[in-house]
Amino acid sequence: MKRKYFGTDGIRGRVGEGKITPEFVMRLGWAAGRVLGNGRGSKVLIGKDTRISGYLLESALEAGLVAAGVDIHLLGPMPTPGIAYLTRTLHAQAGIVISASHNPHCDNGIKFFSSEGKKLPDEVELAIERELDKPMTTVESEQLGKAYRVGDAAGRYIEFCKSTIPWTMSFKGMKIVVDCAHGATYHIAPHVFREVGAEVVAIGAEPDGLNINAGVGSTHIETLQKEVLKQQADLGIALDGDGDRLIMVDANGSVLDGDDILYIIACSRLRRGILNGGVVGTKMTNFGLEHALNEHGIELVRTDVGDRYILERLQLERWSLGGEPSGHIICLDRTTTGDGIISALQVLAEINKSGRKLHELRDGYQKFPQITRNVKLGNVPATELMAAESVQQAVAAAEDALAGSGRVLLRPSGTEPLIRVTVEGPDDGQVQNLSQQIVDALDLLVSAPAANSRRTVSI
C-alpha cells in the first residue's frame with residue numbers, strides 16, 4: 001500500500017502548513033499511541049532538536065499520546081541517534097523524534113523508532129495512517145497517560161558514545177574542531193570528545209531556536225574548513241541539526257564525505273578482522289568507492305537512498321557497516337541507526353591505532369567526479385517529469401556518452417519538492433555538461449505552466 005502521510009524519513013514539512021500543524025500532530029500522537037502502546041503503562045519517549053517549533057510540536061504530541069492512554073517521557077534536546085539508544089535502554093514501546101534534520105528552522109518533522117531503536121517497518125506506519133483517518137477519541141480519565149521528564153538523558157547518551165571505543169584509548173594531544181550546527185548535539189558532542197582526551201574547539205554550539213543549520217554544520221562545511229585552518233587543528237567534525245550525519249575535514253581543509261568515512265571504517269575493520277561481510281551503500285555511492293573496496297576484496301551492494309533501506313539490507317545480509325555520501329553511517333555492531341558522533345569516534349580510533357593522519361587513511365580511494373543538481377518542482381509531479389520523452393532522451397544521450405564508465409540517476413527527493421539529477425563519470429567536464437543537459441530538459445517542462453516557478457541549485 002502507498003503511504004499517505006509518511007515519507008522516506010517520517011513526516012516533514014514547513015511549520016504551520018500541511019501536516020506540520022498542531023492539530024495534525026496531536027492526532028498523529030493519538031494514532032501512534034493507539035498503535036504503539038499496549039495498554040496502561042505504555043511508555044513513549046519524545047526528543048527534539050533545537051528548533052523553536054519543537055516546543056509547539058512536543059506539546060501537541062504530548063496531548064495526543066496522553067489522550068490515547070500512553071505515558072510519555074520527555075528528553076528535551078537530544079540527537080536522533082540518542083533517542084534511538086534511550087528508547088532501547090529505557091525499555092520504551094517507541095521513541096519519537098521532532099526534527100527536520102539538515103533543513104532550515106522553518107521546517108520540522110516527526111519520525112519514530114521502534115522499541116528496538118530502529119525505524120518503524122512499513123506495516124506499522126501504515127497502521128498509524130489508518131488510525132489517523134479515524135475520529136479522535138479520549139480514554140477515560142483514570143486511563144489517561146502521564147508526562148515525565150528524563151533529567152539525565154544527555155549524560156546517559158554521552159557515556160554510551162564513549163563506550164563504542166576501548167575505554168583505555170585516549171586522544172590526548174589531538175586538537176579537534178567540532179561543529180554542532182546549532183543543533184541537538186550542542187550540549188553533547190563537545191563533552192564526548194573532551195572526555196576521551198581531545199582538545200576541542202566547539203562551533204555552532206549556541207542554538208537560539210532559529211539558527212539551526214544556518215551557515216554551519218555538515219551542509220555548510222566551509223565554516224568548519226576555515227576554523228580548522230585558523231586553529232591549526234588536526235581535523236574537524238561537522239554534524240547536522242539532529243546529529244545523525246557526519247562530514248569531516250582534515251588538517252589541510254579537505255572535505256571527507258560519507259563515502260570517504262565509510263572507506264576508512266571498512267578498511268580499518270578489514271585489517272582488524274572485524275568487518276563481518278561487505279558494505280551497504282546507496283544509488284548515490286560514488287563508483288570510485290565501489291572500485292576501491294573491491295580492490296580490498298570487500299563487496300559493496302547498493303540500496304535506494306535513505307538510511308532505513310541501508311539498515312534493512314544490513315539486516316538481510318547480516319552485515320554491520322553501511323552508509324551514504326551525505327554522512328549517514330550505520331555501524332550496526334555499535335548502534336541501531338546513523339550516528340555522527342559514534343562514526344567520528346570510529347575514525348578517531350583508527351587514527352589512534354594506526355598512527356596515521358586523517359588524510360592518509362584515504363589512500364587507495366580515488367573518487368569519481370560526481371555532480372548532483374536539484375530541480376525545484378512546479379505544478380507538475382516528479383514522476384511525470386522524469387517520465388517525459390524529452391527527459392528520457394537527455395538521460396539516454398548521457399548514458400551513451402558515458403559508455404558504461406559512469407552513471408546517471410534521477411530521483412525525487414523524499415524530504416523536499418525537488419528532483420535530484422546525479423551524473424557520475426571519469427571526466428569532470430563531461431559530467432558537468434551532461435548533468436546540465438538533463439537539468440535543462442527538466443527546466444523546460446517545469447517552466448512551461450509557470451515561468452517563474454522553478455529554480456535549480458547545484459550541490
Side-chain angles (χ1 to χ4, degrees), residues 7-9 12 100-104 213 217-222 225 238 240 244-248 254-263 281-291 300 302-307 309-310 322-329 338 365-378 382-383 385-386 388 391-392 394-399 401-402 405-446 454-459:
T8 57
D9 194 22
R12 188 181 299 187
S101 187
H102 59 284
N103 287 27
N213 300 314
S218 62
T219 53
H220 297 279
I221 199 68
E222 64 278 0
Q225 289 175 292
D240 67 337
D244 62 357
R245 293 190 186 197
L246 168 69
I247 301 293
M248 300 185 75
S254 298
V255 176
L256 285 76
D257 67 9
D259 283 350
D260 295 296
I261 295 164
L262 200 55
Y263 176 75
T282 74
K283 293 176 180 178
M284 297 300 295
T285 299
N286 194 278
F287 185 76
L289 176 61
E290 183 174 355
H291 177 75
L300 180 128
R302 297 176 185 268
T303 70
D304 289 333
V305 174
D307 56 344
Y309 303 113
I310 295 171
E324 52 188 343
S326 63
H328 285 122
I329 308 294
Y365 169 34
Q366 184 65 44
K367 193 185 299 288
F368 270 37
Q370 181 189 87
I371 185 168
T372 297
R373 298 180 188 272
N374 294 335
V375 179
K376 189 171 183 180
L377 297 177
T383 52
L385 287 172
M386 292 189 297
V391 174
Q392 289 299 307
V395 170
E399 290 175 336
L402 291 168
S405 62
R407 299 185 303 133
V408 178
L409 176 65
L410 270 66
R411 65 180 183 90
S413 169
T415 58
E416 299 174 86
L418 304 169
I419 292 176
R420 304 195 193 278
V421 178
T422 299
V423 179
E424 183 178 58
D427 181 81
D428 183 62
Q430 182 187 42
V431 166
Q432 295 277 354
N433 290 334
L434 295 176
S435 66
Q436 188 60 54
Q437 290 170 19
I438 298 171
V439 166
D440 288 344
L442 284 165
D443 272 347
L444 284 173
L445 295 174
V446 173
R454 56 93 172 150
R455 179 172 60 92
T456 61
V457 183
S458 298
I459 62 170

Visitor: Quick one: pull up CD1 in Ile247 and CD in Gln225 and give me the separation to the nearest 0.5 Å.
Guide: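 Taking CD1 in Ile247 and CD in Gln225, the distance rounds to 11.0 Å.
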Visitor: So Leu434 and Val408, do their side chains get closer than 4.5 Å, heavy atoms only?
Guide: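 No, too far: nothing below the 4.5 Å cut-off.
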Visitor: So, do Asn213 and Asn103 sit near enough that their side-chain heavy atoms are less than 4.5 Å apart?
Guide: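 The answer is no; the side chains never approach within 4.5 Å.
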Visitor: Please determine whether side-chain contact (heavy atoms from CB on, under 4.5 Å) holds for the pair Arg411 and Met386, giving the CA-CA distance in whole Å, both sets of side-chain angles, and the decisive distance to 0.1 Å.
Guide: CA-CA 8 Å; Arg411 65 180 183 90; Met386 292 189 297; 5.5 Å; no
Visitor: Go through the structure and list residues passing side-chain hydrogen bond (donor to acceptor under 3.5 Å, both in side chains) with Ser218, not counting sequence neighbours.
Guide: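 Residues passing side-chain hydrogen bond (donor to acceptor under 3.5 Å, both in side chains) with Ser218: none at all.
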Visitor: Using the side chain to side chain contact (heavy atoms under 4.5 Å, CB included) criterion, which residues pair with Gln366? Sequence neighbours excluded.
Guide: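 Gln366 satisfies side chain to side chain contact (heavy atoms under 4.5 Å, CB included) with no residue once adjacent residues are dropped.
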Visitor: Hey, does His328 have a side-chain heavy atom less than 4.5 Å from the side chain of Asp244?
Guide: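 Yes, their side chains come closer than 4.5 Å.
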Visitor: Working to the nearest 0.5 angstrom, can you tell me the gap between Leu246 CG and Ile261 CD1?
Guide: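 Separation between the atoms: 3.5 Å.
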Visitor: Using modelled atom types only, decide if a donor and an acceptor are shared between the side chain of Glu424 and the backbone of Phe287 within a distance under 3.5 Å.
Guide: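 Checked: pair present.
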Visitor: Any chance you could measure Gln430, atom CD, to Ser435, atom OG, to the nearest 0.5 Å?
Guide: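 So the CD of Gln430 and the OG of Ser435 are separated by 10.5 Å.
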Visitor: Would the distance check show the side chain of Asp257 and the main-chain N or O of Asp260 forming a donor-acceptor pair, the cut-off being under 3.5 Å?
Guide: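 Confirmed, Asp257 side chain pairs with Asp260 backbone.
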Visitor: Among residues at least two apart in sequence or on other chains, which ones pass side chain to side chain contact (heavy atoms under 4.5 Å, CB included) with Thr219?
Guide: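 If we apply the side chain to side chain contact (heavy atoms under 4.5 Å, CB included) test to Thr219, skipping adjacent residues, the hits are His102.
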Visitor: Under the side chain to side chain contact (heavy atoms under 4.5 Å, CB included) test against Thr372, which residue among Leu409, Val423, Val421, Thr422 passes?
Guide: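 For Thr372, the side chain to side chain contact (heavy atoms under 4.5 Å, CB included) test succeeds with only one of Leu409, Val423, Val421, Thr422, which is Thr422.
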Visitor: CG/Leu410 to CD1/Ile438 distance, rounded to the nearest 0.5 angstrom?
Guide: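 Reported value, rounded in 0.5 Å steps: 6.0 Å.
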Visitor: Does Asp304 have any side-chain hydrogen bond (donor to acceptor under 3.5 Å, both in side chains) partners at least two apart in sequence or in another chain, and if so, which?
Guide: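 Asp304 satisfies side-chain hydrogen bond (donor to acceptor under 3.5 Å, both in side chains) with Lys283 only.
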Visitor: Tell me if a side-chain donor or acceptor on Asp259 pairs with a main-chain N or O of Asn286 at a distance below 3.5 Å.
Guide: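 Pair found, side chain donor or acceptor close to backbone of Asn286.
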Visitor: For Val446 and Lys376, what are the C-alpha separation, side-chain angles and deciding distance, and is it a side-chain contact (heavy atoms from CB on, under 4.5 Å)?
Guide: CA-CA 8 Å; Val446 173; Lys376 189 171 183 180; over 6 Å; no
Visitor: List for me each residue that meets side chain to side chain contact (heavy atoms under 4.5 Å, CB included) alongside Ala388, sequence neighbours excluded, and say none if there are none.
Guide: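 With sequence neighbours excluded, Ala388 shows a side chain to side chain contact (heavy atoms under 4.5 Å, CB included) to Ser390, Val391, Leu445, given in chain and number order.
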Visitor: So, using side chain to side chain contact (heavy atoms under 4.5 Å, CB included) as the criterion, who are the partners of Thr282 when residues are at least two apart?
Guide: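 By the side chain to side chain contact (heavy atoms under 4.5 Å, CB included) rule, Thr282 matches Met284, Thr285, Thr303, Val305, Ile310, Glu324, Pro325.
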Visitor: Do any N or O atoms from the side chain of Gln437 and from the backbone of Ala397 form a donor-acceptor pair under 3.5 angstrom?
Guide: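 Not a single qualifying donor-acceptor pair exists.
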Visitor: Please check if any side-chain donor atom of Gln436 sits under 3.5 Å from a side-chain acceptor atom of Asp440, or the reverse.
Guide: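 Yes - a donor-acceptor pair under 3.5 Å links their side chains.
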Visitor: Search all heavy atoms of Leu262 against all heavy atoms of Leu289 and return the closest pair with its distance.
Guide: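 So the two residues come closest at CD2-CD2, 4.1 Å.
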Visitor: How long is the span from the CG atom in Leu418 to the CG atom in Asn374, to the nearest 0.5 Å?
Guide: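 Interatomic distance, Leu418 CG to Asn374 CG, rounded to 0.5 Å: 5.0 Å.
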